[in-house]
Amino acid sequence: MLERAWPAEGATRVPYWVYQDEEVYREEQRRIFRGPTWSYLCLEAEIPQPKDFVTTFVGDMPVVVARDPGGVVHAWENRCAHRGALVCMQRRGSAERFSCIYHNWTYDHAGNLTHVAFRNGIAGKGGMPADANPESQSPKQLRVESIGGLVFGTLSESAGSLETYIGPEVLPRLKRVLVKPLKVLGTYTQVLPNNWKLYMDNVKDTYHASLLHLFFTRFRINRLTQKGGVFVSSDGAHHCTYTEMVEDRGDAYEKDGMRSAGSSGFQLEDPRVLEQADEFGDRVAIQILSLFPGFVLHQIRNSLAARQVVPKGIDRTELHWTLFGFIDDDEAMTQRRLLQANLVGPAGYISMEDGAATGFVQRGVAGSPERASVIEMGGSVVGSGDSRITETAVRGLWKAWRQYMQV
Amino acid sequence: MKSGIDPDLSLQLAVERLHARYAHALDSDKLEEWPQFFTENGRYRITTAENEDRGLPLSVLYAEGRAMMRDRIQSLRHANIYEPQRYRHMLSAVLLEPVDASVVRSIANFSVIRIMQDGDTVIFASGRYLDRIVLPEMQYEERVVVCDSRRFDTLLAIPL
């Protein structure tokens with residue numbers, strides 16, 4: 001049980017111990033990642049055929065996602081019932097069955113223990129007693145649901161359906177992107193020197209985008225003066241923000257003397273990296289969507305990606321990027337997506353700073369666990385709106401986090 | 001009078017010298033020189049061994065032509081924010097495979113050590129350079145940087 005007091009200001013303050021405390025980290029694993037939340041696991045496109053599998057994580061817990069011979073997707077803890085070793089050590093592949101290398105205990109695609117080596121001994125000697133029940137320690141099996149080719153899982157039997165969990169504010173924005181079968185373009189991992197929640201509140205922070213990421217404003221890609229908005233689920237857990245394609249001609253940044261103000265004459269020699277085809281027909285240039293606890297879907301022009309946030313300790317987070325297109329993309333569209341991939345990832349024109357900024361917070365707060373962030377842009381409300389000069393979605397994250405953590 | 005040096009050896013030395021000049025330019029923050037190592041329409045991309053093995057086309061960083069490379073450097077200098085850092089390239093095992101009189105392929109191993117301003121020093125990347133070099137200009141027509149690991153620590157600002 002956590003014995004922690006939240007600052008009296010409530011929703012507009014986040015104390016820094018949330019990013020620093022080992023006990024908080026352990027409790028998050030139990031109450032959030034292994035609790036009644038849905039976690040992103042993989043794309044269906046990564047396991048297209050029966051018997052295909054990938055390994056992934058739900059929080060700290062290693063997980064196997066496998067398609068059974070009948071085509072049904074299962075997810076189960078990658079832990080042998082016998083001594084706890086990883087059952088599957090490959091990152092991806094195709095398998096008839098899964099055998100733990102340690103003592104050859106074997107599992108089917110759903111994670112059911114199907115064979116214990118020498119269970120009955122040899123020639124009447126050795127083996128397990130007749131009433132032994134090794135199945136009692138079988139790998140935990142997750143409930144699995146998919147939306148638009150994204151596979152999610154939960155250990156909770158009480159959690160509502162995935163669509164109910166996401167809710168009516170954010171679900172249509174997710175479905176807006178996932179309109180056709182997906183095709184994986186590639187993956188990589190960005191290692192962030194900070195607590196996982198610093199990345200999530202960075203993603204939900206619509207206020208920072210055009211101030212930290214100067215590429216946005218210098219090239220007038222996304223300014224807060226452009227039309228856009230933010231959607232936040234009623235529990236605060238999930239969010240979506242979007243910006244329309246309208247070119248900004250205003251000078252709000254220049255008037256405010258911003259560091260990120262555009263300098264006239266600063267433009268790309270080769271603008272192909274920005275040339276967008278309006279593939280969803282709604283003139284949205286950028287949409288960033290997050291699902292609690294650790295999933296982000298982005299549409300940045302024609303770059304589409306799933307980002308999985310994997311905590312690796314209080315001050316280390318892995319961000320697993322999977323960039324994708326649709327199976328019916330023509331060559332021009334694929335090339336566009338590959339060029340626009342320059343905008344995102346560890347070398348991304350508009351995302352490379354996120355790892356640096358969140359790491360700066362982790363280092364900056366080292367001496368002040370009792371102090372707190374000031375998150376007061378847009379007041380103290382948590383909700384949807386048409387301004388992005390707000391921290392409403394960040395407050396939403398903490399509203400949800402406190403609910404799960406009971407602090 | 002001919003020098004008597006084996007032409008294969010002479011080409012080997014010329015390619016190794018190109019790789020060395022490239023490495024020194026990046027390591028000494030002469031980033032504006034970086035596009036000059038490529039042909040006008042030269043291609044540069046950084047990917048991972050995993051993406052290569054799976055036949056996936058995604059790059060971590062991808063530039064087609066010097067203009068796009070100059071954009072990358074302009075952005076690093078004037079838009080992107082990152083902690084001061086330097087690289088030290090280590091190159092080895094340069095193997096050549098001549099294609100024809102005007103193109104040679106090169107494969108070379110590399111490791112890049114990253115040094116932060118507080119002295120923190122790590123092996124940031126290791127992998128292979130897969131190059132197509134045009135002769136006699138000695139410029140990269142294509143340089144594919146295949147990183148052994150799929151992990152990138154914090155961010156990748158300076159090209160590898």
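Residue numbering restarts at 1 for every chain, and letters A, B, ... go by the order of the sequence lines. As a basis for the values below, the full set of heavy atoms in this structure was taken, side chains included, without hydrogen atoms, waters or symmetry mates.
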**Prompt:** Where does B:Ser59 contact chain A at under 4.5 Å (heavy atoms): side chain, backbone, both or neither?
**Reply:** backbone
**Prompt:** Counting heavy atoms not belonging to B:Asp29, are there more than 12 under 6.0 Å from its CG?
**Reply:** yes
**Fill in**
Heavy-atom closest pair (B:Thr154 atom, A:Ala356 atom, distance to 0.1 Å) is CG2-N, 4.0 Å
**Item:** Contact leader toward chain A among B:Leu155, B:Asp71, B:Ile158, where contacts are heavy-atom pairs under 4.5 Å
**Value:** B:Asp71
**Message:** Just verifying a value: how many Å separate A:Leu214 CG and B:Ile81 CD1, rounded to the nearest 0.5 Å?
**Reply:** 4.5 Å
**Message:** Is there a side-chain contact between A:Thr187 and B:Arg54 in this structure, where contact means two heavy atoms from C-beta onward sitting under 4.5 Å apart?
**Reply:** yes
**Message:** Please report the interatomic distance OH(A:Tyr188) to CG(B:Leu58), rounded to the nearest 0.5 Å.
**Reply:** 5.5 Å
**Request:** Go through B:Arg72, B:Arg45, B:Met68, B:Arg151 and name the one with the most non-hydrogen pairs under 4.5 angstrom from chain A.
**Result:** B:Arg72
**Request:** Identify which part of A:Arg92 has an atom lying under 4.5 Å from any heavy atom of chain B, answering side chain, backbone, both or neither.
**Result:** side chain
**Complete:** The reported gap from CG in A:Leu338 to CD in B:Glu64 (rounded to nearest 0.5 angstrom) is 9.5 Å
**Request:** Would you mind telling me which of A:Pro271, A:Ala341, A:Pro193, A:Pro346 has the largest number of heavy-atom pairs within less than 4.5 Å of chain B?
**Result:** A:Pro346
**Prompt:** Near B:His24 NE2, under 6.0 Å, is it more than 12 heavy atoms from other residues, nucleotides or ligands?
**Reply:** no
**Message:** Just checking B:Lys30: does its NZ atom have more than 12 heavy atoms from other residues, nucleotides or ligands closer to it than 6.0 angstrom?
**Reply:** no
**Prompt:** Can you list every side-chain hydrogen bond (donor to acceptor under 3.5 Å, both in side chains) pair that touches residues 351-365 of chain A, not counting sequence neighbours?
**Reply:** A:Asn194-A:Thr358, A:Asn202-A:Asp354, A:His208-A:Asp354, A:His213-A:Glu353, A:His213-A:Asp354, A:Glu353-B:Asn80, A:Arg363-B:Glu83
**Prompt:** Of all of A:His320, A:Arg272, A:Met352, A:Glu318, which one pairs up most often with chain B through heavy atoms under 4.5 Å apart?
**Reply:** A:Met352
**Message:** For B:Gln74, which atoms come within 4.5 Å of any heavy atom of chain A: side chain, backbone, both, or neither?
**Reply:** both
**Asked** With no hydrogens and no angle check, is any side-chain donor or acceptor of A:Asp270 less than 3.5 Å from a backbone partner on B:Ala67?
**Response** no
**Message:** So for atom CE, which belongs to A:Met89, do other residues, nucleotides or ligands contribute more than 12 heavy atoms lying within a distance under 6.0 Å?
**Reply:** no
**Message:** Testing the basics here: between B:Tyr62 and A:Asn342, what is the closest heavy-atom pair and its distance to 0.1 Å?
**Reply:** O-ND2, 2.6 Å
**Message:** At a 4.5 Å cut-off on heavy atoms, which part of B:Leu76 comes close to chain A: side chain, backbone, both, or neither?
**Reply:** side chain
**Request:** Mind listing the closest non-hydrogen atom pair of A:Gly186 and B:Asn51 along with its distance?
**Result:** CA-OD1, 3.5 Å
**Item:** Flag if over 12 foreign heavy atoms under 6.0 Å of CD1, B:Ile123
**Value:** no
**Prompt:** Is there side-chain contact between A:Gln190 and B:Arg150, with heavy atoms separated by less than 4.5 Å?
**Reply:** no
**Prompt:** Considering heavy atoms only, which positions within residues 329-336 of chain A lie below 4.5 Å of chain B?
**Reply:** A:Gln335
**For the student: nearest non-hydrogen atoms of A:Val184 and B:Leu56, plus distance** = O-CD2, 3.5 Å
**Asked** Run the side-chain contact (heavy atoms from CB on, under 4.5 Å) check on A:Glu269 and B:Arg66 step by step: do they pass?
**Response** CA-CA 9 Å; A:Glu269 281 188 59; B:Arg66 282 187 188 166; over 6 Å; no
